[in-house]
Amino acid sequence: MPTYSVQAILQWRLQAQASAVAHQIPPYEVDVLLCELGGVERLSLVQKLPHELLNLSLSLPELAQCWQQRLDQRQPLQHLIGYTAWRQWTIQVSPDVLIPRPETEQIVDIVATTLKNSALPRTGHWVDLGTGSGILACGLAQLLPEATIHAVDCSEAALAIAQKNITQLGFEQQITLYSGNWWQPLTHLQGQVQGMVANPPYIPTAAIDSLQPEVRDHEPAIALDGGSDGLQAIHQVMHSAPDYLRPGGLWLIELMQGQAPQVLQWLAQHPAYAAPEAILDWSGTERFVLAWRRREDGSRETEFNN
Ligand SMILES: C[S@@+](CC[C@H](N)C(=O)[O-])C[C@H]1O[C@@H](n2cnc3c(N)ncnc32)[C@H](O)[C@@H]1O
């Protein structure tokens with residue numbers, strides 16, 4: 001195990017932090033790297049004297065090499081350390097999945113609020129389309145312990161990461177993963193789904209080049225690219241969902257700033273949907289759209305009987 005004095009580590013840290021500032025990267029990332037890859041206990045650098053020795057899991061040149069990838073190639077910190085935090089969990093990530101974003105946590109909160117304010121059952125079949133790392137499926141599984149969760153992705157590599165996260169978080173009995181195109185692997189659930197959530201790819205193709213390099217160069221294109229208007233996947237998911245949702249079932253997606261009005265218009269014009277609404281994220285952006293599978297008798301979605 002490589003051993004260094006506290007002083008040597010602090011010197012390395014200072015230099016790395018200066019390079020972070022020069023590259024407009026938050027300097028705290030150096031500490032994350034030191035702790036997660038170097039095995040340094042967070043408080044030891046301030047509690048120990050400069051001449052005291054610490055064992056590291058990687059040598060300082062190895063850590064420097066890793067940090068250089070962050071600077072030169074703009075590799076996301078989450079790829080270097082292999083995980084990210086999402087809700088109360090540590091989620092494994094790789095270049096095969098979208099790094100879960102904090103705003104996506106709100107989808108689970110919206111489902112929780114909707115359950116409180118409606119007669120939507122907490123049981124039965126629930127679906128996460130485009131599951132990626134599996135976060136939304138896990139969020140639903142925790143919120144709905146008596147429900148069965150079905151999670152779909154077209155990327156086998158993403159499904160492998162989702163499986164690891166699902167197993168790690170102990171939801172493997174409750175969540176089934178499917179490989180395929182949106183609803184296509186779920187034909188056996190037609191007319192039975194209580195609720196669907198999705199965070200589909202929604203960036204317009206032409207806008208991908210202008211994304212920050214961490215996203216553009218390191219996150220999977222299939223998780224980002226929503227076609228020429230960014231709405232291709234949302235449109236597809238919206239059109240096929242009525243065949244799968246129960247009357248009174250919930251349809252909830254995440255989208256990009258500026259896309260909600262178009263999606264609300266499509267939903268309002270579609271005879272199978274009722275009461276579409278946009279929901280703001282924490283920063284006040286219209287980030288989510290919710291709608292209900294219209295009931296055949298036309299009654300409001302919140303009045304349905306189980
Ligand atoms: C924006 S990512 C969301 C991942 C995860 N749900 C999250 O919120 O972090 C979109 C996901 O949709 C998947 N995807 C793209 N096209 C798909 C398709 N035609 N059918 C199923 N999944 C698809 C991608 O592989 C990716 O994992």
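Each ligand, and each atom within it, is numbered from 1 in the order the structure gives. Given the structure is predicted, the values throughout are model-derived calculations rather than measurements.
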Of the protein's non-hydrogen atoms, which lies at the shortest distance from [atom], and what is that distance?
| atom | answer |
| --- | --- |
| atom 21 (C) of ligand 1 | Gly180 O, 3.2 Å |
| atom 9 (O) of ligand 1 | Ile135 CD1, 3.4 Å |
| atom 26 (C) of ligand 1 | Asp153 OD2, 3.5 Å |
| atom 11 (C) of ligand 1 | Gly130 O, 3.5 Å |
| atom 1 (C) of ligand 1 | Ala223 O, 3.0 Å |
| atom 20 (N) of ligand 1 | Trp182 N, 3.0 Å |

Q. Between His125 and Leu186, is any pair of side-chain heavy atoms under 4.5 Å apart?
A.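 They are not in contact (no side-chain heavy atoms under 4.5 Å apart), so the answer is no.
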Q | Side-chain ion pair, Asp31 and Arg13, N-O less than 4.0 Å | A |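 Arg13 and Asp31: salt-bridged.
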Q.
Quick one about Thr205 and Asp225 (side-chain donor to acceptor, distance below 3.5 Å, no hydrogens or angles considered), yes or no?
A.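 Yes - a donor-acceptor pair under 3.5 Å links their side chains.
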Q.
Would you say Gln15 and Ser19 are linked by a side-chain donor-acceptor pair, where the criterion is simply a distance under 3.5 Å?
A.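 Ser19 vs Gln15: no donor-acceptor pair found between side chains.
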Q: Can you establish whether the number of heavy atoms outside Glu41 located under 6.0 Å from its atom CD is more than 12?
A: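 Count not over threshold, so no.
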Q: With atom 2 (S) of ligand 1 as the reference point, say which of Asp128, Asp225, Leu136, Asn199 has the nearest heavy atom.
A: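 Of the listed residues, Asn199 has the closest heavy atom.
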Q | Mode of Thr131 contact toward ligand 1 - side chain, backbone, both, neither (heavy atoms, under 4.0 Å) | A |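 Only the backbone of Thr131 comes within reach of ligand 1.
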Q.
Angle between ring planes, Tyr178 versus His188, binned at 30° and 60°: parallel, tilted or perpendicular?
A.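 Tyr178 and His188: tilted rings.
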Q: Hey, can you tell me if His239 and His270 have their rings parallel, tilted or perpendicular (30° and 60° cut-offs)?
A: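 Rings of His239 and His270: tilted, 30 to 60°.
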Q. Taking N or O atoms only and a 3.5 Å limit, does Ile222 qualify as a polar contact for ligand 1?
A.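 No, no N or O pair falls under 3.5 Å.
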**Q.** Short N or O distance, Cys154 and ligand 1, threshold 3.5 Å exclusive
**A.**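 It does: an N or O of Cys154 is found under 3.5 Å from an N or O of ligand 1.
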Q. Does ligand 1 have an atom that lies less than 4.0 angstrom from a heavy atom of Asn181?
A.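 Contact check Asn181 vs ligand 1: positive.
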Q | Under 4.0 Å to a heavy atom of Thr104 - the qualifying atoms of ligand 1, by number | A |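 Going through ligand 1 atom by atom, the ones under 4.0 Å from Thr104 are 8 (O).
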(Q) Quick check: is Leu80 connected to Val215 through a chain of hydrophobic side chains (ILVMFWY, heavy atoms under 4.5 Å apart)? (A)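 The answer is no; the residues belong to distinct hydrophobic clusters.
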